[in-house]
S.K.: 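Let me begin by handing over the structure; questions about it come next.
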Amino acid sequence: MSNTQTGSPGVPEKPSLDGLEERWASTWEHDGTYRFDPSATRAEVFSIDTPPPTVSGSLHMGSVFGYVQTDAIARYRRMRGWKLFYPMGWDDNGLPTERRVQTYFGVTCDPSLPYDPDFALPNEPGKDDIPVSRPNFIELCERLTAEDEQAFEELWRHIGLSVDWQRTYATIGDHARRTSQRMFLRNLARGEAYSSEAPTMWDVDYQTAVAQAEMEDKELPGAYHRLRFDDIEIETTRPELVAACVALVAHPDDERYADRFGMTVHTPLFGVEVPVLPHRLAEPDKGTGIAMICTFGDVTDIIWWRELNLPTRSIILRNGRIAETPPPGVPDGEAWRAIAGRTVKQAQRAMVEMLAASGEMDGDPRPITHAVKFYERGDRPLEIVTSRQWFIRNGGRDEDLRRRLLERATELDWHPTYMKVRYDDWVNGLNGDWLVSRQRFFGVPFPIWYPLGPEGEPDHDSPLVPDEGRLPVDPTTDAPEGYTEEQRGKPGGFVGDPDVMDTWATSSVTPQIVCGWKEDPDLFAATFPMDLRPQGPEIIRTWLFATLLRSHLEHDVVPWKHTTINGWILDPDRKKMSKSKGNVVTPMSLLEEFGSDAVRYWACNGRPGTDTALDTGVMKIGRRLAIKMLNASKFALGRLGEEAAPGLDAVHDALDVALLAELAKLVEGATAAHEGFDYARALELTEGFFWSFCDDYVELVKTRAYGEGSGEGAESARATLAIALSALQRLFAPFLPFVAEEVWSWWQEGSVHTAPWPTVAEVGPHAGAEPTVLDVAAEVLGAVRRVKTEHKRSMRARVATLTVTAPRAILLDVDAAVGDIVDAAGVDNFVTEEGEALSVAVELEED
RNA sequence: GGGCGCUUAGCUCAGCUGGUUAGAGCGCAGCCUUCACACGGCUGAGGUCGUGGGUUCGAGUCCCGCAGCGCCCACCA
């Protein structure tokens with residue numbers, strides 16, 4: 001900085017927060033303040049695995065909250081001397097983007113089409129969607145998301161994230177696709193990934209398989225129907241599945257059915273003979289204690305079907321309708337015709353009518369409310385259909401792997417620690433391997449082809465894989481090695497795997513993407529395993545777990561040292577904050593209203609892991625704090641004069657020593673808090689010190705420091721002010737980076753954000769001093785103020801006589817600061833008396 | 001059904017390993033045009049720390065039960 005040309009401190013006449021964001025953001029970018037040093041070694045680096053925000057729509061305050069907290073951590077570490085590796089990604093891969101692109105451009109993805117390098121959108125949107133190949137579709141996705149990503153980056157810069165903006169990535173970009181496919185191929189080669197034809201949860205609207213992590217329960221009204229299978233009555237909420245029934249099951253110890261095990265009964269309406277079987281998962285106190293097993297009504301059905309080796313009678317198609325033709329063994333009679341081709345709901349109605357008419361339903365359906373599984377974005381309950389899918393082993397079916405993944409998580413430092421329970425709960429609750437294939441278009445394709453037999457039938461057991469050097473590939477438009485495009489779909493040729501990976505299958509390799517795994521060995525060695533994974537609590541089961549899993553499988557290591565789990569933003573509408581009159585609270589509007597530092601102050605007040613209300617009141621306080629920084633710095637620096645402030649050697653006065661002792665405690669406390677990732681505590685401590693510094697210390701010494709007098713007293717005060725100010729500006733820098741940089745620039749070289757973090761050693765031998773002089777002086781000053789206020793007098797009113805009564809020890813402290821007290825309080829005649837407790841008598845002069 | 005977190009002044013929240021009269025800010029009331037700051041300063045009034053027990057010389061702070069709120073997990077016939 002060269003704003004000190006005149007030799008005097010560059011303190012502006014009227015300091016202001018206006019425009020600080022633009023000015024300093026561009027200076028930081030220009031100077032490369034936050035650029036990663038590629039020559040850094042692992043021991044010097046602090047690397048952060050930043051969550052890539054979803055690029056659809058706009059960022060909301062919840063994101064701002066978490067990212068700012070992480071930035072405060074990053075800034076602290078940088079000042080402590082770490083070389084920060086702090087990249088930023090954009091999650092533009094997945095269903096939300098896919099849907100936006102479809103409607104925005106009026107296209108649909110048809111993976112069977114070849115890539116058209118000359119594809120151009122028509123000028124006028126047509127009536128029907130234009131079918132495009134998957135590579136063309138991805139190009140459109142990238143085109144649309146590029147704009148959003150720019151807007152996101154601007155917002156992040158505006159709020160002062162100290163990210164290295166030369167290191168950004170997109171989860172749909174070549175680099176991320178390559179990394180994701182490479183990792184998958186390695187999982188495949190080691191047998192950790194496999195494909196299998198199996199019943200899986202299926203969304204009938206999106207027509208894709210869904211993983212356990214993407215499901216959520218919804219409470220729905222339903223009804224118990226009591227149905228008769230010969231003389232045995234069962235209860236079911238899904239009478240439409242009677243045609244899919246393959247057995248009845250009761251608990252092995254249930255005496256009511258003990259003599260029926262091994263025998264058969266007939267299904268109502270269809271008369272299909274099904275066995276009665278024992279299984280430990282049947283619960284005697286549910287319904288009549290005996291359940292109908294269908295292929296497939298719920299997850300338990302799958303377990304029973306698998307463990308009891310039952311036949312398959314699937315009746316629900318992928319579009320959510322009942323099949324036209326009945327499954328094997330089910331007669332194509334009147335009952336079947338009544339449900340064939342119907343939706344699940346229609347079929348249920350028809351079944352209930354028929355069952356009531358035939359007398360095979362006992363009584364009316366009894367309405368209940370029960371939890372039903374949904375895809376988290378879906379509108380209708382998930383069905384279970386059988387299809388070929390890709391899986392990655394995650395411990396869901398393997399006790400040993402599960403145990404090792406639980407152990408891995410103990411190698412990670414969780415902040416706060418109790419969040420780890422969510423991980424443990426999740427891993428312990430896994431009921432199957434991770435289903436990673438999706439029957440969608442926009443995403444990372446599986447780098448897999450299948451050879452076709454003489455009849456054109458695909459051989460799923462001998463997939464063709466590309467050389468890693470070819471990645472990324474799209475098997476719907478690229479041909480496997482040894483084949484030509486002409487052989488696609490021909491007998492003896494090949495066919496590409498049509499599916500794409502689950503979005504988490506790519507997100508789970510963010511450490512490998514950013515650290516340059518297999519592409520930049522030096523970078524990888526310097527940054528991986530990473531130091532910090534910050535993220536939200538709701539994605540512990542997805543992002544955190546999946547990332548840990550893949551690092552475990554590939555590198556046999558936990559991917560980070562620490563994880564910080566941020567809290568949740570409480571919607572102010574749910575609280576009774578008045579409904580804003582049509583004003584949508586976007587991050588930018590709040591940033592413009594209060595300033596970035598103020599919004600950051602609010603975010604940094606949220607304790608790690610603690611839910612926090614969106615509270616503009618807190619932002620106001622942050623703004624006030626930032627303004628106070630400007631004014632206090634201006635005051636302290638503006639009077640330091642032409643020459644540089646005196647140094648530590650000049651500090652003699654007891655009051656000054658006391659302040660530095662207090663400062664040492666602050667530095668110690670704030671540093672310890674930061675080390676424990678408790679940025680909020682560090683901020684609280686710093687803020688508390690700062691206000692009493694302004695209100696008491698500065699008031700007490702202003703006459704001595706800047707008055708007519710000079711000499712040792714003045715030197716001591718000026719030295720103390722300079723030392724404290726320098727430390728405070730740095731202590732605030734992680735939280736209020738703009739105003740801190742501004743005030744720092746008035747008198748220091750370089751950026752405050754690369755300045756060394758304050759240390760106790762900076763206050764020298766005063767660190768251990770007793771700070772009581774300051775406390776006593778502040779108390780006496782406060783007492784005088786109280787009297788002036790009570791008498792409705794100005795703070796400038798003179799005090800004719802000030803009498804301080806106190807025990808001897810305290811009087812010594814008073815004496816040590818008497819000059820400052822007299823000046824600050826405006827005292828003409830000062831008297832001390834020895835007494836029991838500290839008391840102050842004030843005699844004001846007449847007006 | 002299991003688990004985690006929260007419950008402290010009207011509001012938003014601090015209170016670390018238990019220790020003298022429980023803290024901050026906002027809001028509220030009053031005062032001060034003060035020479036860094038009216039986008040301000042000073043002063044003040046507000047709390048039986050959700051509830052019932054227990055441990056202890058002493059509990060907001062530890063233990064047990066209960067309730068309310070929020071979240072996570074669960075094979076939900």
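Note on naming: letters A, B, ... go to the chains in the order of the sequence lines (proteins, then strands), and numbering restarts at 1 for each one.
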S.K.: How is A:R624 classified with respect to the nucleic acid when contacts are heavy atoms under 4.0 Å: base, sugar-phosphate, or nothing?
M.R.: sugar-phosphate
S.K.: A:E687 has an atom CD; how far is it from atom P of B:C26, in whole Å?
M.R.: 10 Å
S.K.: So, the side chain of A:K788 versus the backbone of A:S794: is there a donor-acceptor pair under 3.5 Å, distance only?
M.R.: no
S.K.: Could you measure between the two P atoms, the one in B:G44 and the one in B:U56, and give it in whole Å?
M.R.: 41 Å
S.K.: Anti or syn, where syn is a glycosidic angle within 90° of 0; which label fits B:G70?
M.R.: anti
S.K.: For atom P, what is the distance between B:A59 and B:G50, given to the nearest Å?
M.R.: 15 Å
S.K.: Rounded to the nearest angstrom, tell me the gap between atom CG in A:L683 and atom P in B:A24.
M.R.: 17 Å
S.K.: Closer than 3.5 angstrom, by distance alone: can the side chain of A:T417 be matched with the main-chain N or O of A:W414 as a donor-acceptor pair?
M.R.: no
S.K.: Looking only at the side chain of A:A282 (C-beta and beyond, no hydrogens), which of the listed nucleotides B:C76, B:C42, B:A77 gets closest?
M.R.: B:A77
S.K.: A:N631 has a side chain; which of B:C42, B:C26, B:C37 sits nearest to it?
M.R.: B:C37
S.K.: Identify the two heavy atoms, one from A:P284 and one from A:H251, that lie closest to each other, and give their separation to 0.1 Å.
M.R.: CG-CB, 3.9 Å
S.K.: OP1 or OP2 of B:G41 versus the side-chain N and O atoms of A:K628: is any pair under 4.0 Å?
M.R.: yes
S.K.: Check the pair A:W602 / A:F594 against ring-ring contact (aromatic ring centres under 6.0 Å, His included), numbers first and verdict last.
M.R.: CA-CA 11 Å; A:W602 160 76; A:F594 298 99; over 10 Å; no
S.K.: For B:G68, which nucleotide is its Watson-Crick or G-U wobble mate, given both distances must be under 3.5 Å?
M.R.: B:C6
S.K.: To the side chain of A:H370, which of B:C26, B:A36, B:A77 is closest?
M.R.: B:A77
S.K.: Between B:U12, B:G3, B:A36, which nucleotide has the shortest distance from any of its atoms to the side chain of A:A613?
M.R.: B:U12
S.K.: Closer than 4.0 Å, any side-chain N/O of A:R607 to the OP1 or OP2 of B:U12?
M.R.: no
S.K.: Out of B:C26, B:G3, B:A36, which nucleotide sits closest to the side chain of A:V421?
M.R.: B:G3
S.K.: In whole Å, measure the gap between the C1' atoms of B:U12 and B:C4 for me.
M.R.: 23 Å
S.K.: With the side chain of A:K286 defined as its heavy atoms from C-beta on, choose the nearest nucleotide among B:C39, B:G70, B:C76.
M.R.: B:C76
S.K.: Go through B:U34, B:A36, B:C39 for me and flag the one nearest to the A:I627 side chain.
M.R.: B:C39
S.K.: Could you work out which one of B:C73, B:A77, B:A14 sits closest to the side chain of A:E684?
M.R.: B:A14
S.K.: Could I get the full list of salt bridge (Lys or Arg N to Asp or Glu O under 4.0 Å) partners for A:R422, not counting sequence neighbours?
M.R.: none
S.K.: Taking OP1 and OP2 of B:G30, is either one under 4.0 Å from a side-chain nitrogen or oxygen of A:K792?
M.R.: no
S.K.: Between the protein and nucleotides 62-65 of chain B, are there any N/O to N/O pairs under 3.5 Å, and if so, what are the atom names and distances?
M.R.:
none

S.K.: Give a yes/no on whether any side-chain N or O of A:R422 is located under 4.0 angstrom from OP1 or OP2 of B:C73.
M.R.: no
S.K.: Should the pair A:K628 and A:F690 be classed as cation-pi, given the thresholds of under 6.0 Å to the six-membered ring centre and 45° from the axis?
M.R.: no
S.K.: On a whole-Å scale, what distance lies between the C1' atoms belonging to B:C63 and B:G70?
M.R.: 25 Å
S.K.: Take atom CG of A:L281 and atom P of B:C75, then tell me their distance rounded to the nearest Å.
M.R.: 11 Å
S.K.: Any side-chain N or O of A:R785 less than 4.0 Å from the OP1 or OP2 oxygen of B:G41?
M.R.: no
S.K.: Mark yes or no for a side-chain to base donor-acceptor pair under 3.5 Å between A:E13 and B:A36, with no hydrogen or angle criteria applied.
M.R.: no
S.K.: Just checking, is any N or O donor in the side chain of A:Y601 or A:E687 under 3.5 Å from an acceptor N or O on the other one?
M.R.: yes
S.K.: Taking pairing as Watson-Crick or G-U wobble with both contacts under 3.5 Å, can you name the mate of B:A74, or confirm there isn't one?
M.R.: none
S.K.: Determine the Euclidean distance between corresponding C1' atoms of B:C49 and B:G18; express it in Å to zero decimal places.
M.R.: 15 Å
S.K.: How far, in whole Å, is B:U21 from B:G5 if one measures between their P atoms?
M.R.: 31 Å
S.K.: Is a donor on one side and an acceptor on the other found under 3.5 Å between the side chain of A:K634 and the backbone of A:E13?
M.R.: yes
S.K.: Verify the contact: side-chain N or O of A:R541 to OP1 or OP2 of B:C73, cut-off strictly under 4.0 Å; return yes or no.
M.R.: yes
S.K.: Tell me which nucleotide among B:C32, B:C42, B:C76 gets nearest to the side chain of A:K373.
M.R.: B:C76
S.K.: Are A:R681 and A:E684 within salt-bridge range, i.e. N to O under 4.0 Å?
M.R.: yes
S.K.: Among the candidates B:C76, B:C39, B:G3, find the nucleotide nearest to the side-chain atoms of A:R623.
M.R.: B:C39
S.K.: Please give the distance between the C1' atoms of B:C26 and B:C64 as a whole number of Å.
M.R.: 38 Å
S.K.: Tell me which nucleotide, if any, is Watson-Crick or G-U wobble paired with B:U55 when both distances must be under 3.5 Å.
M.R.: none
S.K.: Between B:A45 and B:U8, how far apart are the P atoms? Round to whole Å, please.
M.R.: 23 Å
S.K.: For residues A:Q729 and A:W746, is any side-chain donor paired with an opposing acceptor at under 3.5 Å?
M.R.: no
